[in-house]
2 protein chains.
Amino acid sequence: MTAPTTPVRQASVRAHNLALVLHTVANGADRPSRAAVAAATGLTRATVSALVDDLVAGGLLVEVAPPPRTGAGRPAVGLALTSTGPAGLGLEINVDYLAACVVDLTGTVRHRYVEHADQRPADPERSLAALGGLAARARGAAEADGLTVTGAALAVPGLVTDGLVRVAPNLGWQDVDAVAALRAVPELADLPVTVDNEANLAALGELGATGGNPTFLYVSGEVGIGAGLVLSGELYRGVRGWSGEIGHVTVYPDGRPCRCGARGCLEQYAGQEALEHDVPLAAAALGIALSVVVNLLDVPVIVLGGAYVPVFAALREGIGVELRRRVLTAGLAPVELRSAELGADAAMRGAADTVLRVVREDPAAWLRRGA
Amino acid sequence: MTAPTTPVRQASVRAHNLALVLHTVANGADRPSRAAVAAATGLTRATVSALVDDLVAGGLLVEVAPPPRTGAGRPAVGLALTSTGPAGLGLEINVDYLAACVVDLTGTVRHRYVEHADQRPADPERSLAALGGLAARARGAAEADGLTVTGAALAVPGLVTDGLVRVAPNLGWQDVDAVAALRAVPELADLPVTVDNEANLAALGELGATGGNPTFLYVSGEVGIGAGLVLSGELYRGVRGWSGEIGHVTVYPDGRPCRCGARGCLEQYAGQEALEHDVPLAAAALGIALSVVVNLLDVPVIVLGGAYVPVFAALREGIGVELRRRVLTAGLAPVELRSAELGADAAMRGAADTVLRVVREDPAAWLRRGA
DNA sequence: GGGGATTTGTTTAGTGGTTGAATTATTTGA
DNA sequence: TCAAATAATTCAACCACTAAACAAATCCCC
C-alpha cells in the first residue's frame, strides 16, 4: 500500500496542477496553446489560463509564436519552457577528468567545461578545489546569460551515502565530504549541492536524453562496473542507497577471485581490465548477469555506457546470445540492448537534470521563491 | 520524474485525506481519538472530525471505548476499523489443494475453507468449478456475518498476464480464463475477480502480516521457484508483469540443463525436487541467487516461503554463508533472512488483502457506493 | 468584402473542502 | 465548587476549481 502520510490542502492542489501544466508543455505537443493544454490535462481552460499566467509570471514558461495551423478560429498563443529561467549545474569528477556543465529548463547544455587531468595523484581536496573553480566559472557564465543556477549535483565513481562519498576506489577516496568542499568555494557557498553515484546519475541522464522507455537498466563499465536502475522514470536507489552493485554480482560461483573477497564477480570478467583482454568473455559474463536482472525485474531495455560504448558493436552479439538463451520470456519479447547516447557526458548531464527535476516537480516552490 | 498525468480537484483532496485518516487509524496508535488523528496527520481537528464522520457513516470506522488515559480533560472517543464492513475474498488453487478465505478490514480471517485434493488429474474447468463452490460458500458465510464482500482475487502457481493464466506448468494449465470461470458461478457473478501469481500474492500476504519492513523479496519454493518483490510497500510486477522469475536465474552458467532450455538455473538446484535430494546444494544455490538480488537492489530482508518453510532451519546457514561472502555491503549491514510467517496461507491471505487494499486506498469510492 | 462559424482566452458566479478561531462538552484536580 | 485541561463541533473566511457566458481574433463562404 502506498502509505499516505501527508495531508493535502488547496495549496497542494495548485502545486500539483502547476506541475501538471509544466509537464504537459515540456513533454506534450509542440508549443501548445492554453486550450491544448486544457484538453491534454483535463483541466478547464479557465484553470489552465490561471496556472499558465502564474508560470509565465514566475519565469518558467514563455509565450511564443504557435506552430502553424489551418482552419478558423482565434489564433492560439504558443507556450514553451524558458531558456532564461532556472538552470542546473552538473559536475563530474572521474579518474582522468573534471567536468562541469549548465543545463537550462529546455534541456539544452548552455555551458560545458572539461578539464582532462589524472586525478589519482592528487588528494581529494585538490581535485575538489579544481572542480570548484570549474563550477564557479560555469555558474558565472550561466548567470551572465540570465540563467539562475538553482543547485549543483556532483557525480563520483563511488559509493555515496548520506551525502558523503564513502569510498571511491578508483580515485583513492574514502569518507570524503565533497559537498562541504564545493560549498567552501565562495561563488558556490549559497548553492544547494548534492553528490551521487556516477552510474545513478548517468542513468538519469540517459532517461532525459532518450525520453523513451522509462524503465531500463544502465550499466556503466569503468574500472569497476556500476548500474543505475530506472523504474517507471524513477531512479531506484535501494533502501540504503546501495543498489546497482552489478559489478559484484556472481557470474561464475567458483571463478576468479575478486578484490571484494568473493569469487566470480562480474567485474573480473567484464571490468575495464578484462574488457581489454577478452571481449567475448566480457560479453558472455555481461549476458549472464543481465539475464539475471531481466528474469528478476522484467526490465525491457538495457543501456550500456562508459567503457562499453566504444566496444558496443563487439559486445552486442555475445550478450544477445546469453540473453536469448537465459531470459525466460525472451521468446515473448526480446530484450532491447542499446549503447548510451550521451557517452561520457551522461553522468554530468544527469547531475544537472536532478537539479532541474526539483523545479519541474514542484514549480510552486520556485514561484514562491521568485515572489 | 514522476510524470503527473491527472488533474487534481477538491474532490481528490477529500479522497486523499479520507485515505490518510483511514490509514492513520489502521496503522497508527491504538484506538486513537479524532484529536490524536489530527495531531498525527497534520490536519485540523475540524477537518478530521468531518472526515471521520463520513467514514463512520460509511461503515468503515466505528467509535469505540478509547484506551485508558490519566489526566484532566474531556474523555476521547476511540476510533477503530469496523469488523462489519467490506471484506476481501481470497482464493487459491494449487497442485494439491483449493482454498478460500474471507478477511475483514481489520485483517482478521473470518472464514477459511480448504479442500485437499490433487488438482492435476482434473481439467481446469473442474478445478475452477470446485473452487467456485468453495468461494460461494465463503461469501455466503461472510454475508451472514454482516460483511460485504467487495471482490475476490485468485492465486495460481503460474504466469499471469492481462488477467489470463498463460501457463501454470504444475497444474498443466495453459491460457485459462480463470476469472470468467469463477464469475460463471451464480453466487459470484456480480463480484470483481482478479487473478495473480501465487508468489506475488504471497509476498503481499507477508507484507500485511509482518507490518514491518516494506521492502523485501519473498521467495516461494514449489516445484518451480517464484519470487515476489515488494519495494516500499508496493509489489513490483515489472513492465509486462513478468518479474520474479528467480527460478530461472543463472546460478552455474554451465550447470545442469533446465526445462527452460538454459543451463544452471536456480530451479535445478533449489526446486522442490532438488531440495529433497540435497539441502546444502539448495542452500548454496539460493545463497548465490539471493546475493545477486541484494547486490542489485539493496533489499534488506528476504523471506522464504512455500517448500522452504519446513526446511528453513537447515537452509539458513548455507544461504547465510553465501550472502556474507558475496553481498558487497554485507559487512555494513547483514541481510535479514526469515521464514514466511503465514506458511501455506500466505498467497490466499495476500489475495484477500489485494481486495481490501482497494478500499483502504480509496475509501471515497466505497463511500460513494454506499450512498 | 461582410457576416457567420470557429476557436482561443477571460470573466464571473458557484461549489467544495480546508483552515482557524470561537464555542460547547466533559472530565480531573485543587 | 471552580479553574484548568482536553475533546469535539460550529461558523465565517479563504482558496482553487468548474461551468457557462462573454470577448477576441481569425477563417471561410457567399
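Within every chain, numbering begins at 1; the chains are lettered A, B, ... in the order of the sequence lines, protein sequences first and strands thereafter.
Closest contact between the side chain of L43(A) and the listed nucleotides dT18(D), dT28(C), dT10(D) involves dT18(D). The nucleotide whose nearest atom lies closest to any side-chain atom of Q10(B) is, among dC17(D), dT7(C), dT10(D), dC17(D).
Between N17(A) and the phosphate of dA16(D), there is no side-chain N or O to OP1/OP2 separation shorter than 4.0 Å. Residue T70(A) places no side-chain N or O under 4.0 Å from the OP1 or OP2 atom of dC27(D). Dashed line: the shortest gap from a side-chain N or O of S49(A) to OP1 or OP2 of dT8(C) is not under 4.0 Å. Residue R34(B) places at least one side-chain N or O under 4.0 Å from the OP1 or OP2 atom of dT9(D). At dT19(C), one or more side-chain N or O atoms of T47(B) fall inside 4.0 Å of OP1 or OP2 (strictly under the cut-off). T44(A) has a side-chain polar atom (N or O) that falls below the 4.0 Å cut-off from OP1 or OP2 of dT18(D).
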Report task. Just do the side-chain contact (heavy atoms from CB on, under 4.5 Å) check on L61(B) and L81(B) with the steps written out, would you? Result -> CA-CA 5 Å; L61(B) 292 182; L81(B) 298 174; 3.8 Å; yes

Query raised in the report: Could you go step by step and tell me if R34(B) and E63(B) meet the side-chain contact (heavy atoms from CB on, under 4.5 Å) rule?
Result: CA-CA 10 Å; R34(B) 289 165 169 79; E63(B) 299 191 328; 2.5 Å; yes

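Residue contacts for V48(B): at a heavy-atom cut-off of 4.0 Å it reaches no nucleic acid atom on any strand shown. Across all strands, A46(A) comes closer than 4.0 Å to base atoms (heavy-atom distances).
Going from atom CG of L367(A) over to atom P of dC15(D) covers 16 Å, rounded to whole Å. Distance D54(B) CG to dG16(C) P: 13 Å, rounded to the nearest Å. Remark: C1' of dG17(C) and CG of L18(B) are 11 Å apart, rounded to the nearest angstrom. Look at CZ on R9(A): it is 14 Å from C1' on dC14(D), rounded to the nearest Å. One interatomic measurement links the two molecules: CG of D53(A) to C1' of dT11(C), which rounds to 13 Å at whole-angstrom precision. One atom, NE2 of H16(B), and another, C1' of dT18(C), lie 13 Å apart when rounded to the nearest Å. In this entry the distance linking CG of L20(B) with P of dT18(C) reads 11 Å, nearest Å. Atom CG in L79(A) sits roughly 12 Å away from atom P in dT8(C) (whole-Å rounding).
For dT8(C), the base has a donor-acceptor partner in the side chain of R74(A) [N/O atoms by modelled type, under 3.5 angstrom]. You'll find a donor-acceptor pair under 3.5 Å spanning the side chain of R45(B) and the base of dA8(D), going by distance alone.
Comparing P75(A) and R14(A) along DNA chain D, the residue whose closest nucleotide (by nearest heavy atom) sits nearer the 5' end is R14(A).
Between E234(B) and R357(B), none of the side-chain N atoms (NZ, or NE/NH1/NH2) sits under 4.0 Å from a carboxylate O, so this pair counts as no salt bridge. Note on R369(A) versus D362(A): no salt bridge recorded, every NZ/NE/NH1/NH2 to OD/OE distance being 4.0 Å or above.
Remark: side-chain polar atoms of S12(B) are paired, donor with acceptor, to backbone N or O of R9(B) under 3.5 angstrom.
The CG atom of D196(A) lies 4.5 Å from the CG atom of L201(A); values are rounded to the nearest 0.5 Å.
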